[in-house]
Amino acid sequence: MHRRVVITGMGGICGLGTNASAIWNEMRAGRSAIGQITSPQLHDLKVKVGCEIKTLPDHGIDRKQTVSMDRFSLLATIAAREAMHQSGLVSNEATTYRMGTIVGVGVCGWEAIEENYRAILSEGRNRAGIFTVPKVMPSAASGHVSMNLGLRGPVFGVTSACSSSNHAIASAVDQIRLGRADVMVAGGTDAPLVWGILKGWEALRVLAPDTCRPFSADRQGLSLGEGAGMAVLESYEHAMARGATILAEIAGAGLSADASDIVAPTVEGPTAAMRACLADAGFNPEDVDYLNAHGTGTKANDQIETAAIKRVFGDHAYRLSVSSTKSMHAHCLGASGALEMIACVMAIREGIVPPTANFREADPDCDLDVTPNVARERKVRTAISNGFAFGGTNAVLAFKAV
């Protein structure tokens with residue numbers, strides 16, 4: 001019998017808004033924040049479309065900490081502080097070793113890397129910045145969240161490309177189920193809107209020239225974004241004992257690998273992850289009301305994901321409400337699953353399925369109900385969130401009302 005794990009706080013920041021509530025309001029309204037990237041450092045890119053955070057909020061993080069942070073760590077810490085505030089939890093001497101954090105990251109601190117390359121190669125400086133190494137390491141985000149919130153339990157980073165958030169949340173659930181912690185702050189972060197990363201994605205020829213149109217027949221690729229999403233997870237008993245407001249329960253997780261190709265997805269891998277998630281949650285396929293799709297907006301991904309959903313859900317696939325919120329916050333790589341967790345939890349709480357924005361034309365190969373353009377009222381008792389990634393690493397999460 002699993003220890004039940006619930007969510008008692010959420011935080012987020014991305015192009016849609018600088019807190020979880022603002023992000024959800026924009027999702028619910030179907031407003032996309034994808035547009036022209038304004039950074040002056042992206043001078044020779046063919047595609048300058050993405051979803052950027054125009055202005056950071058007044059976050060209150062001490063400058064002594066921020067000087068050793070890359071942007072991806074700062075975003076994670078901002079989101080984690082919001083989630084902890086909502087949860088009402090504060091670390092103290094009695095609880096600090098029973099509280100931890102796991103943060104998923106798709107790429108590392110590329111802002112710091114580019115700053116150093118520019119300084120040394122273009123400006124003639126003879127050494128790198130003193131905090132370069134601690135800024136760029138992928139585990140830096142989890143370390144900074146731990147230091148800022150005083151969490152001394154299990155603390156580590158997870159990196160599995162675009163599945164990183166879901167792997168981090170699944171790993172945090174495991175820490176609580178295994179009794180290693182009572183509270184875990186988990187999610188993901190990424191800040192990929194820098195020249196070197198965008199230049200690499202441009203070479204793959206998968207970036208959309210205008211915007212992200214998941215499941216639409218005229219889709220031309222994905223858009224990249226920056227952001228972070230974090231949640232406070234607790235054992236059900238711990239949350240009830242302190243009278244916490246429970247937002248939703250994480251009912252299960254399913255993990256798999258394609259073991260096939262470093263970039264091309266398969267139908268079998270996502271199918272296995274979704275089936276494993278349903279089994280872990282104790283759900284039958286017909287129990288699921290809403291599915292937040294990986295839905296990147298590339299031709300191959302959307303067709304393959306549709307085929308996998310049909311394999312798992314059978315006839316019920318056509319009764320599912322499906323949507324891709326990447327159409328609004330873009331593909332935030334290691335942060336995507338955590339932002340999509342916000343969509344799942346709020347769909348359950350408010351009975352609103354967020355739409356797939358920018359949809360223009362039905363695709364016969366993507367013939368599910370993808371909630372085009374306009375949110376829909378529906379009683380959502382259960383939701384699952386798909387996360388698939390380069391490398392063929394798949395992670396799916398299940399949520400339910402409490």
Side-chain angles (χ1 to χ4, degrees), residues 7 10-35 51 86 165 208 210-219 222-223 225 227 229 231 247-248 287-297 302 305-306 309 313 316-332 335-363 366-387 396-402:
I7 299 172
M10 295 192 300
I13 181 170
C14 68
L16 289 175
T18 56
N19 58 65
S21 178
I23 290 168
W24 170 244
N25 287 339
E26 294 300 289
M27 286 182 180
R28 186 174 54 190
R31 285 191 282 263
S32 175
I34 299 168
C51 192
Q86 185 183 27
S165 284
D210 55 353
T211 193
C212 180
R213 305 183 189 280
F215 303 112
S216 186
D218 60 345
R219 63 191 182 276
L222 59 87
S223 299
L247 304 180
D287 294 332
V288 179
D289 300 309
Y290 170 53
L291 187 149
N292 189 294
H294 187 58
T296 61
D302 293 359
E305 185 170 15
T306 300
I309 291 169
F313 291 94
H316 184 64
Y318 293 96
R319 294 187 290 273
L320 272 174
S321 288
V322 178
S323 71
S324 171
T325 54
K326 287 184 180 72
S327 59
M328 295 177 277
H329 55 70
H331 197 343
C332 297
S336 285
L339 295 170
E340 290 152 9
M341 168 199 64
I342 294 171
C344 288
V345 171
M346 295 310 298
I348 289 170
R349 292 188 64 77
E350 295 193 0
I352 299 288
V353 174
T356 301
N358 307 316
F359 188 92
R360 295 197 298 202
E361 184 180 346
D363 182 347
C366 301
D367 58 345
L368 302 178
D369 177 4
V370 297
T371 322
N373 298 319
V374 179
R376 186 175 304 147
E377 291 187 12
R378 174 174 181 166
K379 184 175 178 60
V380 180
R381 301 154 301 170
T382 60
I384 72 171
S385 178
N386 284 345
V396 179
L397 300 175
F399 305 88
K400 70 178 183 181
V402 176

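Although no hydrogens or angles enter the test, the distance criterion places no donor-acceptor pair under 3.5 Å between the side chain of Thr325 and the main chain of Glu340. A donor-acceptor contact shorter than 3.5 Å is absent between the side chain of Ser385 and the backbone of Met341. Thr356 places a side-chain N or O within donor-acceptor distance of the main-chain N or O of Val370, the cut-off being under 3.5 Å. A distance-only check finds a donor-acceptor pair linking the side chain of Glu305 to the backbone of His294 [under 3.5 Å]. Although no hydrogens or angles enter the test, the distance criterion places no donor-acceptor pair under 3.5 Å between the side chain of Arg213 and the main chain of Asp218. Within the 3.5 Å criterion, the main-chain N or O of Val322 finds a donor-acceptor partner in the side chain of Thr371. The main-chain N or O of Val288 is found under 3.5 Å from a side-chain atom of His316 such that the two form a donor-acceptor pair. In this structure, the side chain of Asn19 does not engage the main chain of Ile13 through any donor-acceptor pair within 3.5 Å. The closest donor-acceptor contact from the side chain of Thr306 to the backbone of Cys366 lies at 3.5 Å or more, if one exists at all. For Asn358 (side chain) and Ser327 (main-chain N/O), a donor-acceptor pair under 3.5 Å exists by modelled atom type.
Among all heavy-atom pairs drawn from Pro372 and Phe359, the shortest one is CB-CD2, 3.6 Å. Summarising the geometry of Leu320 relative to Tyr290, their closest heavy-atom pair is CD2-N, 4.2 Å, with the distance given to 0.1 Å. For Ala357 against Pro214, the heavy-atom pair with the smallest separation is O-CD, 4.3 Å. In terms of heavy atoms, Ile23 sits closest to Gly12 at CD1-C, 3.5 Å. Contact between Ala217 and Ala362 at its shortest, heavy atoms only, is CB-O, 3.4 Å. Between Gly11 and Ile342, the closest heavy-atom pair is O-CD1, 4.0 Å.
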Between Phe399 and Ile384, does a side chain to side chain contact (heavy atoms under 4.5 Å, CB included) hold up when you go through it step by step?
-> CA-CA 6 Å; Phe399 305 88; Ile384 72 171; over 6 Å; no
Output, in order, the C-alpha distance, side-chain angles, deciding distance and verdict of side chain to side chain contact (heavy atoms under 4.5 Å, CB included) for Ile352 and Trp24.
-> CA-CA 10 Å; Ile352 299 288; Trp24 170 244; 4.0 Å; yes
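Going from atom CG of Leu222 over to atom OG1 of Thr211 covers 11.0 Å, rounded to the nearest 0.5 Å. Atom OG of residue Ser323 and atom CZ of residue Phe215 lie 8.5 Å apart, to the nearest 0.5 angstrom. Interatomic distance, Leu339 CG to Ser165 OG, rounded to the nearest 0.5 Å: 7.0 Å.
Listed by chain and residue number, Arg28 satisfy the side-chain hydrogen bond (donor to acceptor under 3.5 Å, both in side chains) test with Asn25 (two or more places apart in sequence, or in another chain). Applying the salt bridge (charged side-chain N to carboxylate O under 4.0 Å, His left out) criterion to Arg376, with sequence neighbours excluded, gives Asp369. For Ser324, there are no side-chain hydrogen bond (donor to acceptor under 3.5 Å, both in side chains) partners two or more places apart in sequence or in a different chain. Residues passing the side-chain hydrogen bond (donor to acceptor under 3.5 Å, both in side chains) test with Glu26 are Arg31, sequence neighbours excluded. Every residue meeting the salt bridge (charged side-chain N to carboxylate O under 4.0 Å, His left out) condition with Arg219, not counting sequence neighbours, appears here in chain and number order: Asp302, Asp363. Scored by the salt bridge (charged side-chain N to carboxylate O under 4.0 Å, His left out) test, Asp289 finds Arg378, Arg381 as partners (sequence neighbours excluded).
The shortest side-chain heavy-atom distance between Ser336 and Lys326 falls under the 4.5 Å cut-off. Between Ile34 and Met328, every side-chain heavy-atom pair lies at or beyond the 4.5 Å cut-off.
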